[in-house]
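Note sheet for the following structure.
Just so we're clear, the structure is a prediction, and the values are computed from it rather than from any experiment.
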Amino acid sequence: DTLIVNRQLQTLVDASENAMYISDYHTGEILMVNQAFCRQEGVEADMVLGEKCWKVTQNSKSDFCDFCPRGSLVDRQSSPSGVHVWEHYNKRLGKWMRCSNKVLYWDANRLAHMVTLVDITEERKLQDKLFRVAYYDWHTGLANNEKLIYDLRELQSDHTVDSLHLICLQLKSMGQFNRVYGKKNGRILFASMAEWLQQIDDKFTLYRTDGYGLILLLPNRNLRKCKALALPTHHPVTEAWELTVHGHSVFPYFAISTPV
């Protein structure tokens, strides 16, 4: 009966267009693969049957992978408990995979781990592009208002974050500068200032707000340290951003606040 069931399972696995393999739950020994898995891994089925799953899929020679969810696939009685779906970047293949993991009975006394792998690399690339468009400024590459709101919500729900401060800067006379010297030079000036700010301290995130405003987000920093960080962004700027060609200076205003 077990042989018949396993043959039926092999037929089901072979019919899938997605890469699939089944391994022994306790030892990791590969028991079954389909052709899609062989094509993905660049192997023949007889080359991997009996090999350890971590050796075949990750080129690891030690033990089960740290990120393997097998422990969450059985209940306290070591019985199959459901399906776990997650995403993982396979360094060996250089691809993102959507993984579906499930434990089943190989026979009456043996548990098996069935894994289905779907290549979602192109999907992730598209997601990354959409994320960049939605959350980053086109000209400077800085995070924008939407990203600031997103990050604030994440940080405020993070129990390891004790405090949040914002240093807000607004460049004075940039409108006049653009009228005289052109918006292209204005963007160059603004980007150079943002680059300089990022070199002051690596413990804050810099955002571009509407127009020529900048916000520095500082988690877990007290007010005194925030003031100490804000002062260098105020005093040296009249010299640091004085254009030698045009002799025009841009002055920033700054303020410190705590988001509520």
Side-chain angles (χ1 to χ4, degrees), residues 1-136 150 154 157-158:
D1 291 341
T2 301
L3 182 61
I4 294 174
V5 170
N6 288 345
R7 284 179 178 174
Q8 293 174 340
L9 183 59
Q10 181 72 66
T11 301
L12 178 65
V13 170
D14 284 339
S16 175
E17 296 180 355
N18 299 317
M20 296 182 67
Y21 73 90
I22 300 175
S23 61
D24 184 279
Y25 177 82
H26 293 288
T27 68
E29 174 190 348
I30 292 181
L31 305 172
M32 184 180 294
V33 296
N34 66 358
Q35 288 302 308
F37 177 83
C38 292
R39 287 193 298 270
Q40 175 181 283
E41 302 295 328
V43 296
E44 298 292 335
D46 56 5
M47 294 171 55
V48 297
L49 293 177
E51 295 287 347
K52 302 296 186 181
C53 57
W54 59 81
K55 180 179 179 181
V56 174
T57 61
Q58 301 294 330
N59 278 349
S60 175
K61 299 179 181 180
S62 55
D63 204 341
F64 288 102
C65 302
D66 294 337
F67 50 80
C68 180
R70 55 191 289 277
S72 63
L73 302 175
V74 295
D75 58 23
R76 293 181 179 179
Q77 288 73 41
S78 297
S79 300
S81 62
V83 180
H84 179 70
V85 180
W86 55 298
E87 294 181 1
H88 166 68
Y89 182 72
N90 188 307
K91 294 181 180 179
R92 188 177 68 82
L93 298 177
K95 295 180 178 181
W96 277 97
M97 297 290 176
R98 180 173 293 119
C99 311
S100 176
N101 300 67
K102 179 179 176 60
V103 168
L104 47 81
Y105 286 103
W106 184 254
D107 57 38
N109 301 309
R110 192 179 191 184
L111 291 178
H113 181 191
M114 181 167 67
V115 181
T116 303
L117 303 167
V118 181
D119 185 352
I120 59 168
T121 305
E122 294 304 316
E123 180 182 328
R124 287 296 296 253
K125 287 181 179 178
L126 178 59
Q127 289 177 354
D128 290 343
K129 289 180 180 178
L130 293 175
F131 185 85
R132 294 292 304 181
V133 170
Y135 288 118
Y136 288 86
Y150 176 87
E154 291 291 310
S157 63
D158 187 344

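- Applying side chain to side chain contact (heavy atoms under 4.5 Å, CB included) to Pro80 and the options Asp75, Leu73, Leu111, Leu104 leaves one that passes, Leu111.
- Of the inter-residue distances, the one linking Ile120 atom CD1 with Leu126 atom CG reads 12.0 Å to the nearest 0.5 angstrom.
- Around the CZ atom of Phe131, the shell of radius 6.0 Å holds more than 12 heavy atoms that belong to other residues, nucleotides or ligands.
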*Might you work through the side-chain contact (heavy atoms from CB on, under 4.5 Å) test for Ile22 and Leu9, ending with a clear yes or no?*
CA-CA 10 Å; Ile22 300 175; Leu9 183 59; 3.5 Å; yes
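- In the displayed structure, Glu154 atom CD is contacted under 6.0 Å by more than 12 heavy atoms of other residues, nucleotides or ligands.
- Between Arg98 and Val85 the shortest heavy-atom distance is CG-CG1, 4.0 Å.
- Side-chain atoms of Phe67 and Gln58, non-hydrogen and from C-beta on, do get closer than 4.5 Å to each other.
- One N or O on the side chain of Ser81 and one on the backbone of Val74 form a donor-acceptor pair closer than 3.5 Å.
- Residue Glu51 places its CD atom among more than 12 non-hydrogen atoms of other residues, nucleotides or ligands, all under 6.0 Å distant.
- Closest of all the heavy-atom pairs between Ala36 and Glu17 is CB-O, 3.6 Å.
- A pairwise comparison of heavy atoms in Val115 and Asn101 identifies CG2-ND2, 3.6 Å as the closest pair.
- Rounding to the nearest 0.5 Å places CG of Asp119 at 10.0 Å from CG of Asn90.
- Listed here is the closest heavy atom pair of Val13 and Met32: CG2-SD, 4.0 Å.
- Between atom CZ of residue Arg70 and atom SG of residue Cys53 there is a gap of 8.0 Å, rounded to the nearest 0.5 Å.
- A distance-only check finds a donor-acceptor pair linking the side chain of Asn34 to the backbone of Asn18 [under 3.5 Å].
- Taking CG from Leu31 and CE from Met114, the interatomic distance works out to 12.5 Å, rounded to the nearest 0.5 Å.
- Counting heavy-atom neighbours within 6.0 Å of Glu44 CD, excluding the residue itself, gives a total of 12 or less.
- At least one side-chain heavy atom of Glu87 sits under 4.5 Å from a side-chain heavy atom of Arg124.
- Interatomic distance, OG1 of Thr27 versus NE2 of His113, reported as 12.5 Å (0.5 Å rounding).
- Between Cys38 and Ala45, the shortest heavy-atom distance links the atoms SG-N, 3.6 Å.
- Atom CG in Asp128 sits 10.5 Å away from atom CD in Glu123 (nearest 0.5 Å).
- Between the Ser23 side chain and the Glu29 main chain, no donor and acceptor come within less than 3.5 Å of each other.
- Here ring-ring contact (aromatic ring centres under 6.0 Å, His included) pairs that include residues 19-56, with residues two or more places apart or in two chains, are Tyr21-Phe37, Trp54-Phe64.
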